[in-house]
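Accompanying notes for the structure given below.
Bear in mind that the values here come from a model prediction, so they are computed numbers and not experimental data. All values below come from the heavy atoms of this structure, side chains included, with hydrogens, waters and symmetry mates left out. Residue indices begin at 1 and follow the sequence shown.
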Amino acid sequence: MTSSVPPEQSPTGGSAQAGRAGAAPAAGQTPRRVRVHHLRQAKERGERLTMLTAYDAVTARIFDQAGIDMLLVGDSIGDNMHAHPSTIPVTVDDMIPAVRAVSRTAQRALVVADLPFGSYEASPAQCLATAVRMLKEAGAHAVKFEGGEHLAEHVRLLTRSGIPVVGHLGFTPQAENILGGKRVQGRGNEAADRLVGDALALADAGAVAVVLEMVPAPLAARVTEVLPVPTIGIGAGSEVDGQVLVWTDMAGMTDWSPRFARRFGEVGRELSAATQAYAQAVHDRTFPSADHAYES
């Protein structure tokens, strides 16, 4: 396959091996920002893309330095960080400080901001106004919102206005109430054909990537095959162009994780142990010691 950028010109500005999608920059190397054309190039070369959620500067720095390609400041901040029962209560004003923290910190990753429920559905103009805030006030590089063909004009307007859009199909958490809960989407021929049509409509309108959440793996593979832009799966099997996870699921921060998530660490357990050790040291008067005090 041909590409407008030679293979050696990687997102990190280094060699193809050092700077390929998913690779962290070499020590001392200035990272080159992942841009939307790098996403398409990764798909053309068969390189897997990586995405994680991030809601603050601390995690954004860690994930960015690890070489994650895209950081999603998701409205999942609602049920993961703000103790809401779902993403629906999240507002634009909730999102902007989180997006700002992540975008100020990430040097390499493409920062994608979710548009929360009620901030884009009414019209393309409403969608544009919210997206502009995410870029101007918060520094996002792209926005994501949920829905298919009926939002194609929203995607088209944002694209014409210079705002990259990531689509989101399958299980769409903002529509949880009408979908009847957290249920796999796209089962059956009619539902599968409708999802494929939605994906093609989003790509035709200018979407730079499409998230597929909780859809059967064969359907996700079918969408990936026909779509000219990358698919990013979450509970969509392995035959997609990239994967995204909520970082607390990935890192093992909670007692429960969804079926589609793999716990790549037990950070929650480690943090709990460190906290207990700190508290015990304070009670035992072993912290702070002389090593932690200043001389007069």
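Heavy-atom neighbours of His292 NE2 from other residues, nucleotides or ligands within 6.0 Å: above the threshold of 12. Other residues, nucleotides and ligands place more than 12 heavy atoms under 6.0 Å from the CG atom of Asp284. Counting non-hydrogen atoms of neighbouring residues, nucleotides and ligands closer than 6.0 angstrom, the CD atom of Glu121 exceeds 12 such neighbours.
Of all non-hydrogen atoms in Ala199 and Val223, the two that sit nearest each other are CB-CG1, 3.7 Å. Across every non-hydrogen atom of Glu146 and Pro173, the tightest pair is OE2-CD, 3.2 Å. The two residues Val229 and Ala203 come nearest to each other via the heavy atoms CG2-CB, 4.1 Å. Across Ala201 and Ala152, no two heavy atoms sit closer than the pair O-CB, 4.3 Å. Between Ala113 and Val99, the shortest heavy-atom contact is CB-CG2, 3.7 Å. Shortest non-hydrogen contact noted between Val111 and Ala106 is CG2-CB, 4.0 Å.
Evaluated for a side chain to side chain donor-acceptor pair (under 3.5 Å) with Asp241, the options Arg48, Lys43, Arg40 yield exactly one hit, Lys43. No option in Leu72, Thr53, Leu71, Ile68 other than Thr53 meets the side chain to side chain contact (heavy atoms under 4.5 Å, CB included) test with Trp247.
For the residue pair Asp75 and Gln174, a side-chain donor N or O sits within less than 3.5 Å of a side-chain acceptor on the partner. For the residue pair Ser76 / Thr87, no side-chain donor-acceptor distance below 3.5 Å is found, with atom types taken as modelled. Side-chain contact, Thr130 with Gln126: no donor N or O sits under 3.5 Å from an acceptor N or O. In this structure, a donor-acceptor pair under 3.5 Å is present between the side chains of Asn80 and Thr248. For the 3.5 Å distance criterion, the side chains of Arg61 and Thr105 fail to qualify, holding no donor opposite an acceptor.
Using a distance-only test at 3.5 Å, with no hydrogens or angles considered, a donor-acceptor pair links the side chain of Gln243 to the main chain of Gly237. Remark: side-chain polar atoms of Asp56 are paired, donor with acceptor, to backbone N or O of Thr59 under 3.5 angstrom. Counting only distance, with no hydrogens or angles, the side chain of Ser86 and the backbone of Ile88 share a donor-acceptor pair below 3.5 Å. Distance alone, capped at 3.5 Å, is enough to place a donor-acceptor pair between the Ser103 side chain and the Arg100 backbone. Put simply, the side chain of Arg133 never gets that close to the backbone of Asp93: no donor and acceptor are under 3.5 Å apart. Not a single donor-acceptor pair under 3.5 Å links the side chain of Thr231 to the backbone N or O of Val240. Of the possible polar contacts, none joining the Asp69 side chain to the Leu49 backbone as a donor-acceptor pair under 3.5 Å is found. With Gln185 contributing its side chain and Arg183 its backbone, the two residues share a donor-acceptor pair below 3.5 Å.
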Derivation and outcome, side-chain contact (heavy atoms from CB on, under 4.5 Å), residues Met214 and Ile234:
CA-CA 6 Å; Met214 290 178 63; Ile234 176 167; over 6 Å; no

Please assess Val90 against Ile77 for the test side-chain contact (heavy atoms from CB on, under 4.5 Å), listing each intermediate value before the final yes or no.
CA-CA 8 Å; Val90 175; Ile77 193 173; 4.3 Å; yes

Go through Met253 and Leu271 one step at a time and tell me if the side-chain contact (heavy atoms from CB on, under 4.5 Å) criterion holds.
CA-CA 9 Å; Met253 289 292 291; Leu271 183 58; 4.3 Å; yes

Verify side-chain contact (heavy atoms from CB on, under 4.5 Å) between Ile232 and Met70, making sure each step is shown before the conclusion.
CA-CA 10 Å; Ile232 309 298; Met70 292 171 282; 3.8 Å; yes

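Contact annotation: the side chain of Pro164 never approaches that of His141 to less than 4.5 Å [non-hydrogen atoms, C-beta and beyond]. Met250 is listed as a side-chain neighbour of Phe63, based on a closest heavy-atom distance under 4.5 Å. Two residues are said to be in side-chain contact when any heavy atoms from C-beta on lie closer than 4.5 Å; Pro116 and Val92 meet this criterion. For the pair Val165/Lys144, no side-chain contact is recorded, criterion being any heavy-atom separation below 4.5 Å from C-beta on. In this structure, Phe264 and Arg262 have side chains that are in contact, with non-hydrogen atoms separated by less than 4.5 Å. Counting heavy atoms from C-beta on, the side chains of Leu110 and Arg35 never come closer than 4.5 Å. Residues Val215 and Leu195 meet the side-chain proximity criterion, which asks for heavy atoms closer than 4.5 Å. In this structure, His38 and Arg32 have side chains that are in contact, with non-hydrogen atoms separated by less than 4.5 Å.
Tyr120 and His154 have their aromatic ring centers separated by at least 6.0 angstrom.
Residue Leu115 holds its CG atom at 5.5 Å from SG of Cys127, rounded to the nearest 0.5 Å. The line from CD of Glu153 to CG of Leu158 is 11.5 Å long, rounded to the nearest 0.5 Å. To the nearest 0.5 Å, atoms CG (Leu39) and CE (Met51) are separated by 8.0 Å. Once rounded to the nearest 0.5 Å, the distance linking CG of Leu227 with CG of Leu202 reads 8.5 Å.
A side-chain hydrogen bond (donor to acceptor under 3.5 Å, both in side chains) check over residues 194-219, counting only residues at least two apart or in different chains, returns the pairs His168-Glu213.
Tracing side-chain contacts under 4.5 Å through hydrophobic residues (I, L, V, M, F, W, Y), one reaches Leu179 starting from Val210; they form part of the same cluster. When the side chains of ILVMFWY residues are joined at heavy-atom separations under 4.5 Å, either directly or via intervening members, Phe117 and Leu169 end up in two distinct hydrophobic clusters.
One finds no salt bridge joining Arg222 and Glu225 here, because no Lys/Arg side-chain nitrogen approaches an Asp/Glu carboxylate oxygen to under 4.0 Å.
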